[in-house]
Amino acid sequence: MKIGIACNAFGYSGGFERYALDLVNGLQRMGITPTFFARRFDTALAEYRMIEPVEIKVGWLPGKLRDGAFSRALEKKKARHGIELLIGCNRNTASDVAVCGGTHRGYLAASGKAAGFWDSRQIALEERFYANARRVIAHSALMAKELTTLYQVPATKLATLYPPVSGERFVTVDDEQRRALRRRFGLPDDKVVFVFPSSSHQRKGLPVLRAAFERSGLPVLLAVVGRPLDKPGRNLIDLGYQKHIEQLYQAADYTILASSYEPFGLVGIESALCGTPLVLADNIACTEVLSDAACLRFDREQPATLEAALAEAVRRVGAGAARLAEPRREIRYDADVTRHVEQLLACAGLR
């Protein structure tokens with residue numbers, strides 16, 4: 001059977017793009033070379049040699065028209081390339097397996113926004129994405145609930161598979177390596193460092209965290225990674241974009257997020273695999289699969305719960321009880337890439 005993958009881009013430009021690359025790696029280990037449909041390709045990636053690339057050019061269109069144009073072109077190219085099973089990692093009407101890592105209706109609800117004209121267009125394409133697919137894969141129980149309640153996806157075609165994480169990249173390091181990494185990033189030894197990885201500060205909850213850290217009297221430091229800060233603040237440090245995020249997880253004491261909408265949050269699994277526990281808002285879906293030792297939870301609408309979580313994190317570091325000695329025991333599913341692909345193909349009826 002000839003297998004295809006559809007995604008907006010072939011590269012590390014976003015969470016779903018990284019997921020699609022994991023699928024490529026998993027299929028390659030099974031001796032399968034997928035046909036990959038995307039708007040653009042990073043040809044420097046090692047995975048580029050593992051695929052048959054098919055570019056769908058929609059960049060000449062206004063941004064809000066590109067999703068629909070990509071979907072229409074994909075239908076024709078799927079037939080032309082003889083694809084018998086197409087895995088959709090973006091919204092389109094041609095996929096046999098629709099992978100859901102977030103819904104637009106769910107995002108609007110969590111953000112308190114009403115649907116405008118272009119939102120309605122996106123939702124309509126999303127509805128066809130799920131309706132046309134033989135199987136719909138939710139990346140969390142939260143997503144499965146949204147699919148059934150907001151999109152009326154029947155339980156008979158829905159499966160929940162948590163996303164994989166590379167076990168080669170996200171690993172623990174010893175104390176000496178941690179100290180060296182802290183020096184490299186300029187992280188102080190007299191403060192408990194919380195890494196905040198974000199390309200969208202508002203959605204990831206920076207205002208909530210900034211307020212808590214700026215008023216805290218605890219020895220804490222919020223290390224912002226990704227989009228630069230618009231202004232400095234007390235107990236904050238700006239580390240900018242970092243290529244090797246795993247090294248920051250390994251160096252930090254905790255990883256923290258306060259997202260308003262987080263359909264899963266691979267950050268949680270990546271950090272835990274590096275031995276670094278987390279402080280997460282309780283609406284973030286990866287909290288479903290993290291143990292209490294791996295994750296302190298708080299309610300982003302109640303500042304006192306965040307303050308309590310920070311205090312407990314500081315206490316655990318002081319007691320030498322924060323690091324995760326056996327990370328995989330703290331994650332309640334098998335995050336192996338090959339195992340995930342095997343499960344995905346089984347859901348599609350191929351294994």
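Position 1 is the first residue of the sequence; numbering continues from there.
Ala258 and Ala281 make their closest contact through CA-CB, 4.0 Å (heavy atoms, listed as atom of the first residue, atom of the second, distance). Considering every non-hydrogen atom in both Asn283 and Ser259, the closest pair reads ND2-O, 2.9 Å. Closest heavy-atom contact between Leu290 and Ala272: CD2-CB, 4.2 Å. Between Ser140 and Thr160, the shortest heavy-atom distance links the atoms C-CG2, 3.7 Å. In terms of heavy atoms, Thr287 sits closest to Cys295 at CG2-SG, 4.0 Å.
Distance alone, capped at 3.5 Å, places no donor-acceptor pair between the Asn92 side chain and the Gly88 backbone. Looking only at distances, no side-chain donor or acceptor of Ser95 sits under 3.5 Å from a matching main-chain atom of Ala133. A donor-acceptor pair under 3.5 Å is formed between the side chain of Thr305 and the backbone N or O of Asp299. No donor-acceptor pair under 3.5 Å is formed between the side chain of Glu330 and the backbone N or O of Ala294. In this structure, the side chain of Asp238 engages the main chain of Leu229 through a donor-acceptor pair within 3.5 Å. The main-chain N or O of Gly268 is never found under 3.5 Å from a side-chain atom of Ser271 such that the two would form a donor-acceptor pair.
For residues 209-218, the pairs satisfying salt bridge (Lys or Arg N to Asp or Glu O under 4.0 Å) are Arg210-Glu214, Arg210-Asp230, Arg215-Glu307, with sequence neighbours left out. Screening residues 32-41 for salt bridge (Lys or Arg N to Asp or Glu O under 4.0 Å), with sequence neighbours left out, gives Arg39-Asp67.
Here the side chains of Ile237 and Val224 are not in contact, with every heavy-atom distance at 4.5 Å or above. Under the 4.5 Å side-chain criterion, counting only non-hydrogen atoms from C-beta, Gln242 is not in contact with Gln247. Contact check for Met50 versus Thr33: no side-chain heavy atoms found under the 4.5 Å cut-off. Using a 4.5 Å heavy-atom threshold, the side chains of Leu65 and Arg121 count as touching. In this structure the side chain of Arg182 reaches within 4.5 angstrom of the side chain of Val193, judged on heavy atoms. Within the 4.5 Å cutoff, the side chain of Ile256 has no heavy atoms near those of the Leu280 side chain. Looking at heavy atoms from C-beta onward, Phe196 lies in side-chain contact with Leu209 at the 4.5 angstrom threshold. Two residues are said to be in side-chain contact when any heavy atoms from C-beta on lie closer than 4.5 Å; Val99 and Leu23 fail this criterion.
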**OP:** Test His201 against Lys204 for side chain to side chain contact (heavy atoms under 4.5 Å, CB included), laying out the working first.
**Re:** CA-CA 5 Å; His201 290 342; Lys204 298 291 185 179; 5.7 Å; no
Original post:
Which is it for Ser71 and Thr93 under the side chain to side chain donor-acceptor pair (under 3.5 Å) test, yes or no, and what are the steps along the way?
Top reply: CA-CA 6 Å; Ser71 179; Thr93 55; 2.9 Å; yes
Original post:
Should Leu273 and Val165 be marked as a side chain to side chain contact (heavy atoms under 4.5 Å, CB included) after you check the CA-CA gap, both sets of side-chain angles, and the distance that decides it?
Top reply: CA-CA 9 Å; Leu273 287 174; Val165 174; 3.6 Å; yes
Original post:
Taking it one step at a time, do Arg297 and Asp292 satisfy side chain to side chain contact (heavy atoms under 4.5 Å, CB included)?
Top reply: CA-CA 8 Å; Arg297 298 160 177 82; Asp292 291 342; 3.3 Å; yes
Original post:
Could you go step by step and tell me if Thr276 and Arg323 meet the side chain to side chain donor-acceptor pair (under 3.5 Å) rule?
Top reply: CA-CA 6 Å; Thr276 300; Arg323 303 299 296 173; 2.9 Å; yes
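Salt-bridge check for Arg178 with Asp253: passed, with a basic side-chain N closer than 4.0 Å to an acidic carboxylate O. The pair Asp96-Arg135 does not meet the salt-bridge criterion, since no charged nitrogen lies less than 4.0 angstrom from a carboxylate oxygen. A salt bridge does not link Glu176 with Arg179: every distance from a Lys NZ or Arg NE/NH1/NH2 to an Asp or Glu carboxylate oxygen is 4.0 Å or more. Salt-bridge check for Arg339 with Glu342: passed, with a basic side-chain N closer than 4.0 Å to an acidic carboxylate O. Salt-bridge check for Asp119 with Lys113: failed, with every basic side-chain N at 4.0 Å or more from each acidic carboxylate O. Looking at Glu126 and Arg105, no side-chain N of the basic residue comes within less than 4.0 Å of a carboxylate O on the acidic one, giving no salt bridge.
The neighbour count for Glu52 CD, taken as heavy atoms of other residues, nucleotides or ligands under 6.0 Å away, is above 12. Within a 6.0 Å radius of CD in Gln152, more than 12 heavy atoms belonging to other residues, nucleotides or ligands are found. Surrounding CZ of Arg227 are at most 12 heavy atoms belonging to other residues, nucleotides or ligands under 6.0 Å away. Other residues, nucleotides and ligands place no more than 12 heavy atoms under 6.0 Å from the CZ atom of Arg329. Other residues, nucleotides and ligands place more than 12 heavy atoms under 6.0 Å from the CZ atom of Arg66.
A continuous path of hydrophobic side-chain contacts links Leu181 to Val267 [ILVMFWY only; heavy atoms under 4.5 Å]. If you chain together hydrophobic residues whose side chains sit under 4.5 Å apart, Phe298 and Val192 fall into the same group. Under a hydrophobic clustering in which Ile, Leu, Val, Met, Phe, Trp and Tyr are joined whenever their side-chain heavy atoms come within less than 4.5 Å, directly or via other members, Ile137 and Leu125 fall into different clusters. Taken together through direct or relayed side-chain contacts under 4.5 Å among Ile, Leu, Val, Met, Phe, Trp and Tyr, Ile56 and Val24 form parts of separate hydrophobic clusters. At a threshold of 4.5 Å between side-chain heavy atoms, the hydrophobic network of Ile, Leu, Val, Met, Phe, Trp and Tyr places Phe41 and Ile87 in one connected group.
Atom CD1 of residue Ile3 and atom CD1 of residue Ile32 lie 4.0 Å apart, to the nearest 0.5 angstrom. Note that CG of Leu161 and CG of Asp334 are 11.5 Å apart. Values are rounded to the nearest 0.5 Å. How far CG of Leu278 is from OH of Tyr249: 8.5 Å, rounded to the nearest 0.5 Å. Leu306 CG to Gln302 CD: the interatomic distance, rounded to the nearest 0.5 Å, is 11.5 Å. In this structure, the separation between CD on Glu55 and CZ on Phe10 is 13.0 Å, given to the nearest 0.5 Å. We find the OH-SG distance between Tyr333 and Cys286 to be 8.5 Å, quoted to the nearest 0.5 Å.
Ring planes of Tyr162 and Phe264: tilted class, angle from 30 to 60°.
Using a 4.5 Å cut-off between side-chain heavy atoms of Ile, Leu, Val, Met, Phe, Trp and Tyr, Val171 forms no hydrophobic cluster with any other residue. Other members of the cluster containing Met143 are Tyr107, Leu108, Ile123, Phe129, Tyr130, Val136, Leu142, Leu147, Leu150, Tyr151, Val153, Leu158, Tyr261, with ILVMFWY side chains joined at under 4.5 Å, either directly or via other members.
Ring centroids of Tyr19 and His139 are separated by less than 6.0 Å, placing the two rings close together. A centroid separation of 6.0 Å or more is found between the aromatic rings of Phe37 and Phe70.
Every salt bridge (Lys or Arg N to Asp or Glu O under 4.0 Å) that Arg169 has, sequence neighbours left out, goes to Glu246. Checked against salt bridge (Lys or Arg N to Asp or Glu O under 4.0 Å), Glu168 has the following partners two or more places apart in sequence or in another chain: Arg29.
Checked by atom type, the side-chain pair Arg332/Ser291 shows no donor-acceptor distance below 3.5 Å.
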